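A short worksheet on the structure shown next.
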There are 2 protein chains.
Amino acid sequence: MLHKFIKEKQITPFQLLVAFYFLAIFISFLLLRIPGVYKEGQEVSVLDSLFTAVSAVSVTGLTVFDLSETLSDFGVMILMIIVQLGAIGVMSIGTFIWLLIGKKIGLRERQLIMIDFNQNQLSGVVRLLKEIIKILFVIEAIGAFILSVHFMRYFDSWSEAFKHGLFAAISATTNSGFDITGHSFQPFYYDYFVQFISMILIVLGAIGFPVLVEIKHYLWMKNPAFRFSLFTKITTVTYGVLFLVGTLVILLIESFNTLKGLPWYEKIFVSMFHSISTRSAGLTTIDVERFNEATNLFLSFLMFVGSSPSSVGGGIRTTTFAIAMLFLINFANGRKEIQIFGREISMEDILRSFAVVILASLMVLIATMLLSITEPDATIAEIIFEITSAFGTCGMSLGITENLSAAGKIVVMALMFIGRVGLLSFLYTLGGKAQKPKYRYPEERIIIG
Amino acid sequence: MLHKFIKEKQITPFQLLVAFYFLAIFISFLLLRIPGVYKEGQEVSVLDSLFTAVSAVSVTGLTVFDLSETLSDFGVMILMIIVQLGAIGVMSIGTFIWLLIGKKIGLRERQLIMIDFNQNQLSGVVRLLKEIIKILFVIEAIGAFILSVHFMRYFDSWSEAFKHGLFAAISATTNSGFDITGHSFQPFYYDYFVQFISMILIVLGAIGFPVLVEIKHYLWMKNPAFRFSLFTKITTVTYGVLFLVGTLVILLIESFNTLKGLPWYEKIFVSMFHSISTRSAGLTTIDVERFNEATNLFLSFLMFVGSSPSSVGGGIRTTTFAIAMLFLINFANGRKEIQIFGREISMEDILRSFAVVILASLMVLIATMLLSITEPDATIAEIIFEITSAFGTCGMSLGITENLSAAGKIVVMALMFIGRVGLLSFLYTLGGKAQKPKYRYPEERIIIG
Ligand SMILES: [K+]
Ligand SMILES: [K+]
C-alpha cells in the first residue's frame, strides 16, 4: 500500500523520508513550546527550542541549554517522548528503506530478518514497527528497572529514583545521550555498575535492529539452518574492533594525561565508556575537554564512523567503514573482489560506500569551514569535534554548543538533520539503478550509509 | 631492458621507486653535509640536514631553518641542484610508471604522449628523460632570464640579480617553493610582474608533464588528427576549476579580514597567487598565519588535493579528486558510469581513486594525531595545515616547522616521503591485476594518484 502510494504519487522514498523528518521536527518543536515545558523564569528562544527538537528527533543529544536547570518535570517527560519516538522512527525508517531496496536483493536476506515485506506491505510495515517498538521497550524497561532500583541509593524518593532511572535507560538505549544530571554521567564516575549497565544499553541501541532480530531468532528459534547474515557479521565485528581500538587509543594517550596515576580499573572504565559512547550515545563520565587534543581528534574520527546502519546511531556507519578498509587491503594486494566470511561484497556496495565516504567528508569539511567563520572564538579542534558529533548524532561537545551563534546553531542543526536523513537513505534510494556486474562468488548484500 | 631487469630480479616497479628515492635522499643528505654548505657559525644538526634533503628531493619546500641566513652561496647552489634533480625525478618517475602500466592500456594514449616505449624500452626511458629535462630547462631558462632582468632593480650587481632570478625561477617551476629571501615571496607583494611570471611558471610545473607534451605537439605538429587525451582534458579542467574556486573562497573570506579595504587588484592578486600556490608551489606573498582559520582550512583542503599526476606536485591529484566528484554526481543521479568528454571512465580508475582518497585521508588523520601528541604547543589547525602541506608537497606552513620536535620532524618527513612515493605509484603498481569489466562506451584510461 505504502509502496503503491509512493509509486502513484511519484514520491521517492527519499522525499517521503525528508517529509517525515520535517513533520517530526515541527511537531516536536510545537511540543517544546507548550507552556510549562520550561521551569518558571526560564526564557528559551524559538531557535533554541527548534535546536532541541532537531537534536531530540535525530537522537543526537547536543544541547544549547542545561536541561536540568531549564526543563520542568513535564518538559523532561515531553523530551523523553520525543526521543523515544525519534529513536523508533530512526530505526524503523532505516530498516524500512533497506527493505524497500531489498526488493532487488532477493528473498534470502529478507527472510533472515524475518519480516515478510513482499506479501502484504502494510502488514509488513506494521509488523516491523511492532517488532522494533517491542524490542526497544523491553530493553528500556529492563534497563530502567535495574537503574531505578540502583538509584534508590542516590535519591530520597522512589519517584525521583525512577525518574532518573527511566531517563538514563532511555537516554542510553536510544543513544540520545541527553542528561538531567547537568553533567552527563559524570556523577556516576565511580559507579561502575551504572556505567556497565549503560554500556550494555548503548550497545543494544547502536548495534543495529536487524542484528537484534537475528540474535533473538538465534536464541529462541532453535532452527539448525539459521545463519547470521553477512550484514550482521560485518557490522558486529566492525563495531567490536572499533570499540577495542578506541579503548586502546584512549587508554594509551590518556595514561599520560587525565588517567595518569589512576588505578587500572578506573583507566579501563573511562577508556571503555568513552570508546562505546562515541559510537553515538554521547554520554561522558569525565569532562572530555580535559582529554588530549589527539584523543579528541580520534574521538572525532570514531563519531564520524558512527554505529551500525538501522540503529539509533549516525555517522558513515560501521559497514561503510568496514568496506572501505577491506577494499583498501584488497586493493593493495591486487585483488578487486572483497571476500569475507565466505561471501563476496557486491561492487554496488563498494561504490555506495565510496559515495558515502566522499559526501560525508565534504559535508564535514564545509560545515567545519562555516563554523570556523561563524564562531571565531572556537578552535578548529573544538569545531571538528562538534561537527562530527552532530553528523554522528553523538552529542558530545568540547563545550561550544551553548555559545554557538545563531548561524552556527543552524549549521549544526542542518548537519544533525542531513547526517540523519541524508546519508542514511539518500544515496540508497537514488543510487540504486545500476546493472549487476558478474561475480564468481555468491553475492549477498549488506547495508551501507 | 629496464623492464627485463625488473622481471628477472623479481623487483616490482614500486620497490625500484622506493629504492630510488632512498638513494636520492641519501645522496642529497651527503651533499648537504659538505663543509661550506652552511654559512660560518651556523650549526645544522644531522636531522635538520636530512629533513632538508627529504624536503628538497620531494620538492616540498618545508624548512626547519631560514635558508637565507643559514645557507652559503655554495649551499644555495647545492640546494638548487637537488631540487632540480628532484623535480626531474618526480616527473619522469611519475610518467615512467604510468607508461609501465600503460602497457595494458593500448597504443593510442601512449602515442599521444609521443614516446614509443614499447619498441625499445631503454631508448624510451632515455627519450622520456630528455624530453622532460628539455621542457623543464626551457621553461626555467626563460623564467630565469625574465626574472633576472627584472630583479636588476632590486640588486646592485648582475650576479646577485641573476642568483635570485634563477633561484626564483627554479623554485617556481619545480614548485619546490624554497626561498632565499627569508620571507618567501613577501618582498614581491607589490611586484605584480614577478607574481604573474611566477604563477605561470608554477602552473607549467604543476599542470603535468603529459599535458605539456601534448600542448607542444598541438602547437608544433600541425597534425589535423591530433586530439587531446582524456587525461589532459580532465586534469586541466580540474586544475582550472580548483584555481577559480580557491581564488573565490580566499577573496570572499579574506575580504573581511586581511584584504579588508585593499584595492580590488591587490585583493585579486593575493587570492589568485595563494590559490595557485597551494596546488603545490607553497610560495606566499603575505604571511598566511594572518589568514582566517576558515581560509587556512580551505587551503589545507586544496593542498590535500594537490596538482596533476606526473607533475612536480603532490596530493591525491586533480584526477583523483575529479573522478571522486564526478562519481558522486553520477551516483546521486542513479548512474554508475561516468561519462565525460565523450568517453567513459574505467571502473578500475574509479576504484583506484577510491583507494587513494581513503588511504590519503587515513594518513592525514594518523599524522595529525601523531603531531598533536608530539607538538603540544601547536593547534590542530596548524597541524592539519602542516600535514596537508607535507602530503601535497606544498611547503606552506603556519610557522610550526622550525619548532617541530625531533619526532614531529620525522613524522613530517615520512609524510613528504610517503606522499611523494606512496600514493603516486604504490596503488598503481600493486593494484593493477583486476579483470576488465564490460562497458558500452569506448574506454580511455587516465592517471590517478
Ligand atoms: K546521541
Ligand atoms: K612545494
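Order of the sequence lines sets the chain letters (A, B, ...), proteins ahead of strands, with each chain counted from 1. Both backbone and side-chain heavy atoms feed into the values below; hydrogens, waters and symmetry mates do not. Since this is a predicted model, take the numbers as computed values, not measurements.
Between B:Leu328 and A:Ala355, the shortest heavy-atom contact is CD1-O, 3.5 Å. Taking all atoms of both residues into account, the shortest heavy-atom contact from A:Glu293 to B:Ser372 is C-OG, 4.2 Å. In terms of heavy-atom proximity, B:Ala324 sits nearest to A:Ile358 at CB-CD1, 3.3 Å.
The residue among B:Ser300, B:Pro376, B:Ala294 with the most heavy atom pairs within less than 4.5 Å of chain A is B:Ala294. Of the residues considered (B:Val249, B:Ile383, B:Asn292, B:Leu365), B:Leu365 shows the highest number of contacts with chain A, using heavy-atom pairs under 4.5 Å.
Proximity to chain B is absent for every atom of A:Ile366, based on heavy atoms less than 4.5 angstrom apart. B:Phe301 touches chain A through its side chain: at least one heavy atom from C-beta onward sits under 4.5 Å away, while N, CA, C and O do not. Heavy-atom distances place the side chain of A:Leu362, and not its backbone, under 4.5 Å from chain B. For A:Leu370, no part lies under 4.5 angstrom from a heavy atom of chain B.
A:Phe354 places a side-chain heavy atom less than 4.5 Å from the side chain of B:Ile350. Contact check for B:Ile380 versus A:Glu382: no side-chain heavy atoms found under the 4.5 Å cut-off. For the pair B:Thr368/A:Leu297, a side-chain contact is recorded, criterion being any heavy-atom separation below 4.5 Å from C-beta on.
Atoms OG1 and CE, from B:Thr295 and A:Met369 in turn, are 6.5 Å apart once rounded to the nearest 0.5 Å. In this structure, CG in B:Asn330 is found 11.0 Å from CG in A:Leu351, a value given to the nearest 0.5 Å.
Within residues 241-248 of chain B, no residue has any heavy atom under 4.5 Å from a heavy atom of chain A.
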